[in-house]
Amino acid sequence: MLYRLPILILTTGIVYIFISPSEPLAFSIFFKVIPMVLILIYAFEQSLPTRKAVHYWIIGGITFSLIGDATLHWFLIGLTAFFVGHVFYTIGFLKVWRFSLPKSLSAIPLILFAVWIGYQLISQLQANGETAFIIPVAAYIGIIILMAFTAIMTGNRWATLGSILFIVSDSVLAWNMFISSFTGASEMIMITYYGAQFLIAHSLFTIDSKRKGISW
């Protein structure tokens with residue numbers, strides 16, 4: 001029973017990534033959101049027995065991510081849902097923020113990566129005449145980097161690893177969509193994405209330092 005939900009999440013994720021067909025669209029979306037529904041249930045379980053503000057904010061982030069999954073085919077709608085999700089994650093992580101100079105130095109590589117990937121994407125969007133995407137993409141880069149930084153500052157290993165996987169997933173997605181597509185991109189995107197969401201949900205068991213303790 002202890003591993004029931006993680007096994008179901010893994011199984012349904014594999015089914016969506018490697019087995020389920022991409023058409024019809026409604027069928028594909030259905031199989032895509034099943035692992036996220038299970039991750040949301042897992043997050044509720046991990047936040048027991050006493051939920052605090054941090055738990056509700058992160059559960060809210062997972063919920064908006066689920067909405068983003070269902071609507072990403074309409075890119076700007078899905079991007080907006082994920083943006084709101086990251087705002088929820090960020091607020092949640094700020095609730096258990098613990099300042100540490102060594103951890104705060106993580107801002108340097110995060111900012112450098114944001115500048116690099118932002119430059120690559122914006123240059124390509126301008127070259128393709130897709131200037132309407134520039135502001136939404138730039139704003140999304142900013143919020144996901146901020147989310148990752150606040151996750152790192154919690155000191156919680158699961159939240160930190162999840163946030164980094166989220167950056168990897170979305171970077172591959174953006175590169176594949178706007179710059180250059182490559183074989184295996186969709187599989188890599190979804191493996192890292194489901195992994196990110198699962199780890200963030202898993203962090204709810206230990207992220208409240210007053211209840212379980214933060215562990216590194």
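Values reported hereafter were calculated over all heavy atoms of this structure, with side chains retained and with hydrogens, waters and symmetry mates removed. Quick caveat, the model's predicted, so the values are computed rather than measured.
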Test your reading of the model: is there a side-chain donor-acceptor pair from [X] to the backbone of [Y], 3.5 Å cut-off?
X: S171; Y: I167; answer: yes
X: S169; Y: F166; answer: no
X: S203; Y: W158; answer: no

[X], [Y]: one ILVMFWY side-chain cluster at the under-4.5 Å cut-off?
X: I19; Y: I9; value: yes
X: I145; Y: I164; value: no
X: F113; Y: I111; value: no
X: I117; Y: V115; value: no
X: Y140; Y: I135; value: no

[X] vs [Y] side-chain heavy atoms within contact, under 4.5 Å:
X: L101; Y: S104; result: yes
X: V87; Y: T90; result: no
X: L125; Y: T131; result: no
X: L72; Y: L173; result: yes
X: M153; Y: V96; result: no
X: Q46; Y: H202; result: yes
X: F88; Y: Y56; result: no
X: F82; Y: I144; result: no

Can you confirm whether [X] is buried at [atom1], in the sense that more than 12 heavy atoms of other residues, nucleotides or ligands lie under 6.0 Å from that atom?
X: M177; atom1: CE; value: yes
X: L112; atom1: CG; value: yes
X: F182; atom1: CZ; value: yes

Does the plane of the ring in [X] sit parallel, tilted or perpendicular to the ring in [Y]? Use 30° and 60° as the thresholds.
X: Y42; Y: F198; result: parallel
X: H86; Y: Y89; result: tilted
X: F178; Y: F75; result: perpendicular

To the nearest 0.5 angstrom, please state how far the [atom1] atom of [X] sits from the [atom2] atom of [Y].
X: M190; Y: F18; atom1: CE; atom2: CZ; value: 11.0 Å
X: T12; Y: L38; atom1: OG1; atom2: CG; value: 5.0 Å
X: F93; Y: N156; atom1: CZ; atom2: CG; value: 8.0 Å
X: I91; Y: I58; atom1: CD1; atom2: CD1; value: 11.0 Å
X: W97; Y: I152; atom1: CH2; atom2: CD1; value: 10.0 Å
X: R4; Y: I7; atom1: CZ; atom2: CD1; value: 10.5 Å

(message) What I want to check is whether the side chains of S28 and E23 have a donor and an acceptor closer together than 3.5 Å.
(response) no
(request) State whether a side-chain donor-acceptor pair under 3.5 Å links Y193 with D69. (result) yes
Grab the two heavy atoms, one from [X] and one from [Y], that are nearest each other, plus how far apart they are.
X: M36; Y: S65; result: CE-CB, 4.0 Å
X: N176; Y: A185; result: OD1-CB, 3.3 Å
X: L165; Y: G195; result: CD1-C, 3.9 Å
X: A43; Y: I62; result: CB-CD1, 3.6 Å
X: G92; Y: V54; result: O-CG2, 3.2 Å
X: S47; Y: I59; result: OG-CD1, 3.9 Å

(message) For a side chain to side chain contact (heavy atoms under 4.5 Å, CB included) check, start with the C-alpha distance between I122 and V137, then their side-chain angles and the critical distance, and finish with the verdict.
(response) CA-CA 8 Å; I122 291 171; V137 167; 5.5 Å; no
(request) Decide yes or no on side chain to side chain contact (heavy atoms under 4.5 Å, CB included) for T154 and R98, but give the supporting numbers first. (result) CA-CA 6 Å; T154 67; R98 284 188 168 188; over 6 Å; no
(request) Decide yes or no on side chain to side chain contact (heavy atoms under 4.5 Å, CB included) for L121 and Q124, but give the supporting numbers first. (result) CA-CA 5 Å; L121 290 171; Q124 193 62 43; 5.9 Å; no
(message) Applying side chain to side chain contact (heavy atoms under 4.5 Å, CB included) to W74 and T71, what does each step give before you reach the verdict?
(response) CA-CA 6 Å; W74 304 276; T71 59; 4.3 Å; yes
